[in-house]
Q: 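Mind having a look at this structure? Questions to follow.
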Amino acid sequence: MLVCLFLFLAIGLFFFQNKEISYLKAVEVVQYEGQDLSSVKDFRENSIKGPQYIDRNDYRLKISGLVGDDLSYGYDEIINGLPMYKKVVTLNCIEGWSVKILWEGFLFKDLVSAEKIPASANTVIFKAYDGYSTSFPLEYLMNNDIIIAYKENDLELPPELGFPFQLVAEDKYGYKWIKWITEIEFSSDTSYQGYWESRGYPIDGNLP
Ligand SMILES: Nc1nc2c(c(=O)[nH]1)N[C@H]1C(S)=C(S)[C@@H](COP(=O)(O)O)O[C@H]1N2
Ligand SMILES: [Mo]
C-alpha cells in the first residue's frame, strides 16, 4: 500500500517536472530596472538587402588586418568563452524613429584582448554578411565598454535583427549599429567610408 502511494507520487512528480521543463519559453522582457523598454517588434526593417539568414554552425567571426594572422571564432566559442554584460541603450535611426532595448552581449575589448594591436591601428572596420560595413576609431570601442550583442530584451537576435551579432554603437546613429557582423578589420584608414558613409552620412555618426 505504502509502496503504491510512493510510486504514485514518484510518477506524478516525474510528469510534473517534465511538464514544467517542456513548457518553458523565451519571453521578451518589457521593463528593466524600472524603465519601460521598446519591443523588438518596434524596429523598422530597412536593411540594404533585407533580412539575412546565417547558420549558427557555419558561422565564423573573422578578425583581420593589422593584427597579423587572421583569426576566426565560432558562435558557441564566443558565447561560452566571453563574459556577458547587459545594458539599456536606445538606437536612433537617422530617419527619426528610435527603440529603447535591453542589450546583452560581450565587450569589444574582451573579444580582442588576446590580439597584439600595433600603434598604427587606429581604426576598426566592421563588415557584415549583406555587404554592409562601417568603421570606428579604435579608442571609441576600447574606452567605452562597447557591446557586441547576441540578445535583445532577453531574446536571441532573430535573423531580421542581425543574428548572430549586432554592434551596440552607443551615442551614435543607427547606421553605425552594424548587424550580421562577419569580420572585424584593424586598419589605419581613418577616412574609411562604410555603406551609408560613402553615400553622404558622416563617418563619426555621432548623435546630436
Ligand atoms: N548589416 C547591416 N547592418 C545594419 C543595416 C543594414 O542595412 N545592414 N542598417 C542599419 C540601420 S540604418 C539601422 S537604423 C539599424 C537598425 O535597422 P533595422 O531596424 O532594420 O534593424 O541597423 C543598422 N545596421
Ligand atoms: Mo537607420
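Each ligand, and each atom within it, is numbered from 1 in the order the structure gives. Sequential numbering from 1 along the given sequence is applied to the chain's residues.
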Q: Does Phe165 have its ring centroid less than 6.0 Å away from the ring centroid of Tyr75?
A: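 Between Tyr75 and Phe165, which both carry aromatic rings, the centre distance is below 6.0 Å.
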Q: Name the residue from Val30, Thr90, Asp154, Leu102 that meets the side-chain contact (heavy atoms from CB on, under 4.5 Å) definition with Leu37.
A: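 So the option named by the test is Leu102.
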Q: So, 4.0 Å and heavy atoms of Trp97: is ligand 1 close enough to count as a contact?
A: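 A heavy atom of Trp97 does come that close to ligand 1.
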Q: Would you say the ring centroid of Phe108 lies under 6.0 angstrom from that of Tyr140?
A: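 Centroid separation for Phe108 and Tyr140: 6.0 Å or greater.
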Q: Write out the residue and atom name of the closest protein heavy atom to atom 16 (C) of ligand 1, then the distance separating them to 0.1 Å.
A: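 For atom 16 (C) of ligand 1, the nearest protein heavy atom comes out as Leu91 CD1, 4.0 Å.
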Q: Please list the nearest protein heavy atom to atom 8 (N) of ligand 1 with its residue and the distance rounded to 0.1 Å.
A: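 Nearest neighbour among protein heavy atoms for atom 8 (N) of ligand 1, to 0.1 Å: Asp130 OD2, 2.8 Å.
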Q: Provide, to 0.1 Å, the distance between atom 24 (N) of ligand 1 and the closest protein heavy atom, together with that atom's residue and name.
A: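 Answer for atom 24 (N) of ligand 1: Trp177 O, 2.9 Å.
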Q: Do Leu61 and Val124 share a hydrophobic cluster, counting only Ile, Leu, Val, Met, Phe, Trp and Tyr and linking them when any side-chain heavy atoms are less than 4.5 Å apart?
A: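 They do share one cluster, since a chain of ILVMFWY contacts under 4.5 Å joins Leu61 to Val124.
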Q: Is it the side chain, the backbone, both or neither of Ala128 that has a heavy atom closer than 4.0 Å to ligand 1?
A: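 Contact part for Ala128 vs ligand 1: side chain (C-beta onward).
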Q: Is it the case that over 12 heavy atoms from other parts of the model lie below 6.0 angstrom from the OH atom of Tyr192?
A: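 Yes - once you tally the heavy atoms of other residues, nucleotides and ligands closer than 6.0 Å, there are more than 12.
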Q: If you take all heavy atoms of Ile125 and Ser135, which pair is closest and at what distance?
A: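 In terms of heavy atoms, the two residues are closest at CG1-CB, 4.0 Å.
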Q: Should Arg44 be counted as touching ligand 1, given the test is an N or O pair under 3.5 Å?
A: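 The answer is yes, given that Arg44 and ligand 1 share an N or O pair closer than 3.5 Å.
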Q: Answer yes when Lys41 and Glu160 have at least one side-chain N-carboxylate O distance shorter than 4.0 Å, and no when they do not.
A: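 So Lys41 does not pair with Glu160 through a salt bridge.
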Q: Need the ligand 1 atom indices (1-based, order shown) with element for anything under 4.0 Å from a heavy-atom of Ile178.
A: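 Listed by number with element, the hits are 3 (N), 24 (N).
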Q: Is the count of non-hydrogen atoms from other residues, nucleotides or ligands lying under 6.0 Å from Tyr129 atom OH greater than 12?
A: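 For Tyr129, atom OH is not crowded (no more than 12 foreign heavy atoms under 6.0 Å).
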Q: Quick check: does Trp196 get an N/O under 3.5 Å from an N/O on ligand 1?
A: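 Checking ligand 1 against Trp196, no N or O pair falls under 3.5 Å apart.
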Q: Can you pull out the closest protein heavy atom to atom 17 (O) of ligand 1? Residue, atom name and distance to 0.1 Å, please.
A: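 Going atom by atom, the protein heavy atom closest to atom 17 (O) of ligand 1 ends up being Lys179 NZ, 3.7 Å.
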Q: Considering the heavy atoms of Trp180, write down every atom of ligand 1 situated less than 4.0 Å from one of them.
A: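 Contacts of ligand 1 toward Trp180, numbered from 1: 1 (N), 2 (C), 8 (N).
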Q: If hydrogens are left out, which of Tyr175, Phe43, Tyr132 has an atom nearest to atom 6 (C) of ligand 1, that is, the closest non-hydrogen atom?
A: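 Among Tyr175, Phe43, Tyr132, the closest heavy atom to atom 6 (C) of ligand 1 comes from Tyr132.
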Q: Which is it for Leu161 and ligand 1 at heavy atoms under 4.0 Å: side chain, backbone, both or neither?
A: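 It is the side chain that touches ligand 1; the backbone stays farther off.
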Q: What residues join Ile203 in its hydrophobic cluster, counting side-chain heavy atom gaps under 4.5 Å, either direct or through other members?
A: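 Reading the cluster by chain and number, Ile203 sits alone, since nothing else belongs.
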Q: Which of the numbered atoms in ligand 1 are under 4.0 angstrom from any heavy atom belonging to Cys93?
A: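 Ligand 1 atoms under the 4.0 Å threshold to Cys93: 14 (S).
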Q: What is the closest protein heavy atom to atom 15 (C) of ligand 1, and at what distance does it sit?
A: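 Atom 15 (C) of ligand 1 sits closest to the protein heavy atom Gly174 O, 3.5 Å.
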Q: Looking at ligand 1, does any of its N/O atoms fall within less than 3.5 Å of an N/O of Ile48?
A: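 N/O-N/O distance below 3.5 Å exists for this pair.
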Q: Looking at residues at least two apart in the chain, or sitting in another chain, which of them share a ring-ring contact (aromatic ring centres under 6.0 Å, His included) with Tyr195?
A: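 Tyr195 satisfies ring-ring contact (aromatic ring centres under 6.0 Å, His included) with Tyr132 only.
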